[in-house]
Amino acid sequence: MTRPYLDPKTHLTELFTLALARIAPDAGLAIELERPKQASHGDWACNAAMQLARSLKRNPRQVAGELLANLPVSDLIDKTEIAGPGFINVFLKPAALQSLAAHILEQGVHFGRVNLGRGARIQVEFVSANPTGPLHVGHGRGAAYGASLANILTQAGYAVEREYYVNDAGRQMDILALSTWLRYLGLCGEFVPFPPNAYQGDYVKLMAESVFSLHAERYKRTAAQVLEGVPGIPSAEEYAQRPDLKDAAEEALDALIVAAKRLLGPDYAYLHGHALEEQLGDCRNDLTEFGVTFDCWFSERTLHESGLIDRAVAQLRQHGHLYEQDGALWFRSSAFGDEKDRVVRRENGIYTYFAADIAYHLNKFERGYARVIDVWGADHHGYIPRVKGALKAAGADPDRLEVSLVQFAVLYREGQKVPMSTRAGQYVTLRELRAEVGNDAARFFYVLRKSDQHLDFDLDLAKSQSNENPVYYIQYAHARICSVLGAWGGQEADLAEADAGLLVHPMELALLKRLAEYPEMVAAAAREYAPHLIAYYLRDLAADLHGLYTACQFLVEDQALRAARLLLIAATRRVLADGLVLLGVSAPEKM
RNA sequence: CUGCCCGUAGCUCAAUUGGAUAGAGCACCAGCCUUCUAAGCUGGGGGUUACAGGUUCGAUCCCUGUCGGGCAGGCCA
């Protein structure tokens with residue numbers, strides 16, 4: 001009934017390329033077609049004439065005329081015109097769009113897939129928060145962004161693997177284990193002053209209670225034993241008022257950790273492991289409920305244990321980029337674009353986090369990814385030159401690593417900024433946010449901004465069950481279509497035979513045009529690591545649908561027209577659902 | 001002090017990476033439910049794109065400077 005769909009952009013690009021070859025075979029110019037912002041400028045515009053004008057030393061409008069004279073005829077083209085300084089505007093016949101609706105139904109989930117990646121393996125590492133407490137709303141943005149980005153890259157033809165780097169080896173984990181133990185000792189009746197720079201959260205007390213109920217007093221030591229040789233622990237008040245006590249407090253904390261390891265012996269590993277498992281498990285559950293999953297949870301500790309860090313350091317040494325000074329081992333990162341040299345092994349013989357990170361990234365490269373994307377908080381931007389520098393120094397190609405920085409999210413409630421302080425244990429957790437606004441609104445709001453922009457997260461707007469909330473606007477379009485299709489009661493597959501030539505209403509054609517943009521949007525979002533493009537596209541698509549909904553009745557008497565319109569909205573429903581999946585937002589059938 | 005990011009409508013943000021008359025949402029005003037979901041639609045006012053120069057057919061986008069905001073500058077992670 002309707003002829004097979006031919007992608008207009010691809011088709012026009014071929015035509016213009018042929019015309020270009022005829023008038024300027026040596027121009028070395030690639031034809032670029034763009035969608036004009038204004039409908040009066042046609043469906044597609046080509047700016048090649050203006051770009052050629054300089055090298056041909058001719059008036060751009062004259063060059064445009066020559067291009068058009070050499071353009072092969074096409075039955076997709078209604079008319080062309082030369083406009084402005086030398087744009088070529090192309091107006092398509094309705095038929096060029098009408099066959100799209102059936103094409104979308106036939107393609108199913110394949111519509112919107114673009115083959116940018118050609119199956120290349122790409123890794124996205126994101127969240128990677130220290131498992132020392134609940135995820136907060138800042139991590140939530142990284143989670144939503146990374147998960148959507150991974151979905152989009154998959155859609156764009158990459159073989160994507162999602163990874164979470166677990167910082168299970170450092171001092172922060174020791175502090176968590178110590179914090180848990182001290183709370184536990186309190187339950188045993190042994191009271192050691194709780195350091196103000198240890199983890200204050202209630203989740204630490206809960207872990208202590210669980211250890212106590214499982215093992216009673218097995219890990220009990222007397223307060224006197226614990227405090228032996230430990231310098232004074234400042235009180236919370238002193239610590240808050242006197243910044244000069246910071247170093248002393250850190251020393252006391254380290255002394256307590258040493259005491260814990262000494263007094264507990266092999267049992268320390270149990271407490272450490274218990275705290276890690278509890279927090280990592282909590283984190284994993286939280287993310288899973290948020291629709292964020294990982295293929296690999298990569299343990300930092302395994303880098304130490306398997307000797308990969310030794311190997312990475314040896315690799316740098318071999319290339320002559322290490323030197324010793326003040327008892328520490330330094331990497332000459334200043335020779336690779338960094339501001340100054342960095343320590344990889346401390347005076348005390350322990351590797352820095354940086355050393356582990358070098359080994360980690362070399363390991364990523366060895367695992368064979370064509371590209372590795374790190375999603376970091378924007379506060380880590382200064383860290384990029386040294387990691388890339390280290391990769392280069394070790395003989396790897398630093399351009400295979402791309403770092404995507406995500407800015408902070410600031411919560412607003414009733415127009416007021418919600419205060420957040422990790423130090424004081426005063427922060428809104430991701431779990432609390434999800435409970436308050438729901439997963440859909442949270443996922444959507446997080447990616448509604450370009451990732452490198454600060455995000456003002458309006459809690460009242462996100463949880464409002466009203467027309468103010470943009471996420472409902474899109475979901476509502478989907479639900480409305482479902483409702484119409486339900487009232488009709490037929491099978492979607494039967495609609496593919498409908499006569500799409502009957503779709504001539506301006507709003508129908510506008511909707512078809514919008515649907516045709518979807519694959520390009522996916523490609524742009526994948527190229528630019530920009531999930532927000534999908535969010536904005538879906539809003540525009542929903543707006544087109546709502547407009548048509550108000551302007552036209554779908555379930556009309558005329559059977560042919562009814563089938564054509566139902567075909568159109570069925571195709572729209574597919575694209576809406578597909579885009580929402582990319583963003584991790586549900587597509588409800590009823591609202 | 002130095003480096004990176006940002007500055008667009010009253011507010012929150014887009015702008016196909018150099019394209020044509022810079023667009024949405026919220027808020028404000030005026031309309032639209034006897035019809036498939038009004039969580040919707042239609043219309044209206046709102047701008048020297050922080051400022052000053054420069055590059056060119058053409059600049060919100062690139063370069064220089066100024067002002068304002070954020071982040072970073074550990075043998076922390």
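Every heavy atom of this structure was used, including side-chain atoms; hydrogens, water molecules and symmetry mates were not. In the text below, chain A, chain B and the rest are named by the order of the sequence lines, each starting its count at 1.
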So does A:H381 reach the base of B:C71 with its side chain, donor to acceptor, closer than 3.5 Å?
yes
What is the nucleic acid contact for A:E517, judged by heavy atoms within less than 4.0 Å: base, sugar-phosphate only, or nothing?
nothing
Using a heavy-atom cut-off of 4.0 Å across all strands, would you classify A:D326 as base, sugar-phosphate, or nothing?
base
Run the salt-bridge test on A:E163 and A:K364 with the 4.0 Å N-O cut-off and return the result as yes or no.
no
Re B:U55: Watson-Crick or G-U wobble partner, both distances kept under 3.5 Å, found to be none
Is the phosphate of B:A77, meaning OP1 or OP2, less than 4.0 Å from a side-chain N or O of A:R346?
yes
Over all strands shown, is A:C482 touching base, sugar-phosphate only, or nothing at heavy-atom distances under 4.0 angstrom?
nothing
Say you pick atom C1' in B:G23 and the same atom in B:U49; how far apart are they, in whole Å?
12 Å
Does B:G23 have its OP1 or OP2 closer than 4.0 Å to a side-chain nitrogen or oxygen of A:K37?
no
Using a heavy-atom cut-off of 4.0 Å across all strands, would you classify A:E339 as base, sugar-phosphate, or nothing?
sugar-phosphate
Counting only side-chain nitrogens and oxygens, does A:K450 get under 4.0 Å of the OP1 or OP2 atom of B:A15?
yes
Nearest-angstrom distance, C1' atom, B:U8 to B:G3
26 Å
Quantified in whole Å, what is the C1' atom distance between nucleotide B:U17 and nucleotide B:G43?
34 Å
Would you please confirm or rule out a distance under 4.0 Å between OP1 or OP2 of B:G58 and any side-chain N or O of A:Q51?
no
May I ask you to decide whether A:E436 forms a salt bridge with A:R413, counting only side-chain N to carboxylate O separations under 4.0 Å?
yes
With a non-hydrogen cut-off below 4.0 angstrom, is A:N89 in contact with a base, only sugar-phosphate, or nothing?
base
Would you indicate what A:A83 reaches in the nucleic acid, counting non-hydrogen atoms under 4.0 angstrom: base, sugar-phosphate, or nothing?
base
Kindly indicate, with the supporting measurements, whether the criterion salt bridge (Lys or Arg N to Asp or Glu O under 4.0 Å) is fulfilled by A:E250 and A:R171.
CA-CA 11 Å; A:E250 295 301 322; A:R171 177 167 177 264; 2.6 Å; yes
Under 4.0 angstrom, heavy atoms only, what part of the nucleic acid is A:Q453 near: base, sugar-phosphate, or nothing?
sugar-phosphate
Using the P atom in both, what is the distance from B:C41 to B:C26, to the nearest Å?
9 Å
Run the ring-centre check on A:Y537 versus A:Y518 and record whether the distance is less than 6.0 Å.
yes
Would you mind reading off the distance between A:Y537 atom OH and B:C13 atom P, rounded to a whole angstrom?
25 Å
Salt bridge check: are A:D540 and A:R514 linked by an N-O gap of less than 4.0 Å?
yes
Side-chain ion pair, A:D338 and A:R342, N-O less than 4.0 Å:
yes
For the P atoms, the ones on B:A22 and on B:C28, what distance do you get once it is rounded to whole angstrom?
27 Å
Which whole number of Å gives the distance between the P atom of B:G70 and that of B:G31?
45 Å
Given B:G73, is OP1 or OP2 found less than 4.0 Å from the side-chain N or O atoms of A:H380?
no
Below 4.0 Å: OP1/OP2 of B:A39 and any side-chain N or O of A:Y476
yes
Donor-acceptor pair (no angle test) under 3.5 Å: A:D540 side chain, B:A14 base
no
Could you check which nucleotide pairs with B:G3 in any of the strands shown, counting Watson-Crick or G-U wobble with both distances under 3.5 Å?
B:C71
Stacking check A:F87 vs B:A20 (5.5 Å / 30 deg)
yes
Across the strands shown, which category fits A:A524 at heavy-atom distances under 4.0 angstrom: base, sugar-phosphate, nothing?
nothing
